[in-house]
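Worksheet for the structure shown next.
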Amino acid sequence: MRWPTPLALTTTGSTSSAGADTPSVRVSSCEDERVDGGGFSLSDLATGEIVSVAIGDHAVAFTFEGRPTLLIDIGDAPDVFHATEQAVSPRWTWWSNRTALKIIELGVRPAKCWDLSAAHRLLFGGWRSGPEQIWARLHNLDTASIPHRMPVTLFNQALDAGDLGEPVGPDGHLRPEWVDGDWSKSSAQVVSWADTALAMQQLQSRYIDDLHHGPQLRATVLSESAAELLCAELEVDGLPVDAAVAASIIAGFVGPRPRDAAEAAAELKRRDDDVLQHLPPGITFDLRSPDQVKSLLRRVGIEVPDTRAWRLEALRDAHPIVEPLLAWRRAERVLTTFGYAWVDEHIGPDGRLRGLWSGSDGAAGRMTASAGLHNMPAELRPAVSAESGYAFVRADLGQIEPRILAAVSGDPKLAAATRADDMYAPVAEQLRVEREIAKVAVLGAMYGQTTGKGAEALRRLEREYPVAMGYLANADQAAQGGNDLRTYGGRLVPMTAININGVSDRDARSRAAARGRFGRNAMIQGAAAEFFKTWAVLMRARSNHLNARIVLCLHDELLIHVPEDRAAETAALLDRCLQEAAHRWAPVRSDGLQPVRFVSDTSVVGAWSEAKD
DNA sequence: GATTTCACGTA
DNA sequence: CGTACGTGAAATCC
């Protein structure tokens, strides 16, 4: 698709409203060329779907029915985005949510999009999903041959816009100069880059059709795209945290905030001495060094292969130094990872903890977050508290993994068990074992349990739920054979994603077993991640009128910040969204029943720590 | 200076 | 039970 001479224009900031229904934008000039574009009325666009492509950090090219319509500078025109969302709520197309972030920072919340990067990670697996990767895979080019740009040196200055040429180089790859995006763009080049992105959207769409993975694949692309919008919003909004409460909790572990270096050193020594006093005077070890801790333990007669907490836990009574050592470890964790430095670095003056969010990193496509948002110790959760006049609605999915297994495998008997609030109860009855045994057996089957107490229960599981167990065995076998997997929602799980390092010292058999475990786990964990994101983005889309904001996603748990008087409504809506997500995953049967039931535990709280099971 | 290992928090 | 992630400090590599 080549575009005609683009109407490459910027607004003058004079978005005039002719009326609430027909906002219009007057366009006049561009960075480096003048194109007489005349007037532009958003109401003209209301009849069809806009495809819009945001470019780099700044400019955005709008297209309508394949024709370039408008090019603007993001920072210049928040009102244009706002009006566009209001009038037509387009499905934006962009290379990644870094563009969405720019718009969200202006206070506009795009409703929907096609995120090329998210779609790419879904379709092809892995982490890398820049324009050059997207282009290469869709053109069957070897990603190893993607060219890299020479580092910029004194003698190798950044290119002028005029030196860029076409986006595609002679080797068939996107030119790295274009991908890097730190070039000054002419309007024609911006439009050309938009052209490229739109072409990728069409190729991805065709790729989806050709995979024949069922209607859920396209639905997953849209859900994962929306999840990227959610991620950008999570980065902008942040998690409400009371820094004073956080500081007082930290003080309980490591003492008050030191005023100077000497005080910090004294506090450090005091904590070290709590442990070292159990040794003969004069003997000292660096407690921060695992090797030295091992030597320390050897000196008091304890020999261990490593000094991990769970191992030392069992040796509490072996020597009086073990107990204070464990306490030291705990305090050290708080001090180094979640101490005052963490508070200072990640909690803003507005009382929001902010980190970077990824919608689908990793092997199975779960969301990830930095700044400790996903591994904050439970002891710190009281500091995560709603602002004045607000409340949290927190909800987590109950027994999500076995329910997912029932759904993706299509096992009718296991699906029947999901009708119970506690699905392990009917499973236990079926297996004629205790509930705990049944639970361990089901989890063991999903995770590839190796140490076997539940061996007998596992055999019974295979007899009673052959479809579900067959699904897992199939994934295990495929992964052991080095074959890539694809989740129920359509995410490719490449077997290259498995971390070989951790098992490199084992023999071939245990490596194969590790691959098998990885495979069966990825199919469940990945599908659960997809289901969770569907739930979350439905809630995001449905809750605008409540002023509710999702402020934390934690694999199976949602935390929503909402005005107090809308909390009950929000909780009710959250449940309806869960039912909608379940329905989208598996339409109702002929008898009108939902084949697999999903449940959540939902509560309205003032702080995250409350009402947590 | 960059990379790996150990340890540990979360699900 | 087992998988995944992000983190920080020490140890190791180059």
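In what follows, chains are A, B, ... by sequence order, proteins preceding strands, each numbered from 1. We use all heavy atoms of the structure for the numbers below, so side chains are in, but hydrogens, waters and symmetry mates are not.
Scanning atom types as modelled, no donor and acceptor separated by under 3.5 angstrom connect the side chain of A:Arg329 and the base of B:dA7.
Residue A:Thr336 has its side chain nearest to C:dG8 when only C:dA10, C:dA11, C:dG8 are considered. The side chain of A:Ala378 lies closest to B:dT10, out of B:dT10, B:dA11, B:dA7. Comparing B:dA7, C:dG2, B:dT10 against the side chain of A:Asn521 picks out C:dG2 as the nearest. Among the nucleotides C:dA11, C:dG6, C:dT3, the one closest to the side chain of A:Gln525 is C:dT3.
In summary, A:Arg288 and A:Glu332 engage in a salt bridge, as defined by a charged side-chain N under 4.0 Å from a carboxylate O. Look at A:Arg271 and A:Glu267 and you find no salt bridge, because none of the NZ, NE, NH1 or NH2 atoms lies under 4.0 Å from a carboxylate O.
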Open item on the list: Pair A:Glu610, A:Arg394 - check salt bridge (Lys or Arg N to Asp or Glu O under 4.0 Å), show working.
Closed with: CA-CA 10 Å; A:Glu610 297 167 36; A:Arg394 65 149 293 277; over 6 Å; no
TODO: Assess whether ring pair (Phe, Tyr, Trp, His ring centres under 6.0 Å) is satisfied between A:His374 and A:His555, documenting all intermediate values.
DONE: CA-CA 9 Å; A:His374 272 180; A:His555 307 314; 4.8 Å; yes
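Rounded to an integer number of Å, the gap from A:Glu332 CD to B:dG9 C1' is 14 Å. Rounded to whole angstrom, the span from the CD1 atom of A:Ile249 across to the C1' atom of B:dG9 amounts to 15 Å. What separates CG of A:Leu312 from C1' of B:dC6 is a distance of 13 Å, to the nearest Å. When rounded to the nearest whole Å, the span between CG of A:Leu380 and P of B:dC8 equals 17 Å. Residue A:Trp328 contributes atom CH2, which lies 10 Å from atom C1' of C:dA9 at whole-angstrom precision. Regarding A:Leu326, its CG atom lies at a distance of 12 Å from the C1' atom of B:dC8, rounded to whole Å. Whole-Å rounding puts the A:Leu325 CG to B:dA7 C1' distance at 12 Å. A:Glu557 places its CD atom 17 Å from the C1' atom of C:dA4, with the value rounded to the nearest Å.
For B:dC8, the OP1/OP2 oxygens have no side-chain nitrogen or oxygen of A:Arg333 closer than 4.0 Å. Considering only side-chain N and O atoms, A:Arg517 lies under 4.0 angstrom from the phosphate OP1 or OP2 of C:dT3. Taking only side-chain nitrogens and oxygens, A:Ser289 never comes nearer than 4.0 Å to OP1 or OP2 of C:dA9. Between A:Thr368 and C:dG6 there is a side-chain N or O to OP1 or OP2 distance below 4.0 Å. Contact annotation: A:Arg288 does not reach the phosphate of C:dG8 (side-chain N/O to OP1 or OP2, under 4.0 Å).
Within 6.0 Å of CZ on A:Arg432 lie no more than 12 heavy atoms contributed by other residues, nucleotides or ligands.
Across all strands shown, A:Ala369 has heavy atoms under 4.0 Å from sugar-phosphate atoms exclusively, and none from any base. Looking at heavy-atom distances under 4.0 Å, A:Ala364 makes no contact with the nucleic acid at all. At the heavy-atom level, A:Met376 lies under 4.0 Å from the strands shown only through sugar-phosphate atoms. Heavy atoms of A:Arg520 sit nowhere under 4.0 angstrom from any nucleic acid atom. Among the protein residues, A:Trp127 comes within range of the sugar-phosphate backbone only, with heavy atoms under 4.0 Å from sugar or phosphate atoms but none that close to a base.
Here the two rings, on A:Phe598 and A:Phe531, have centers that are under 6.0 Å apart.
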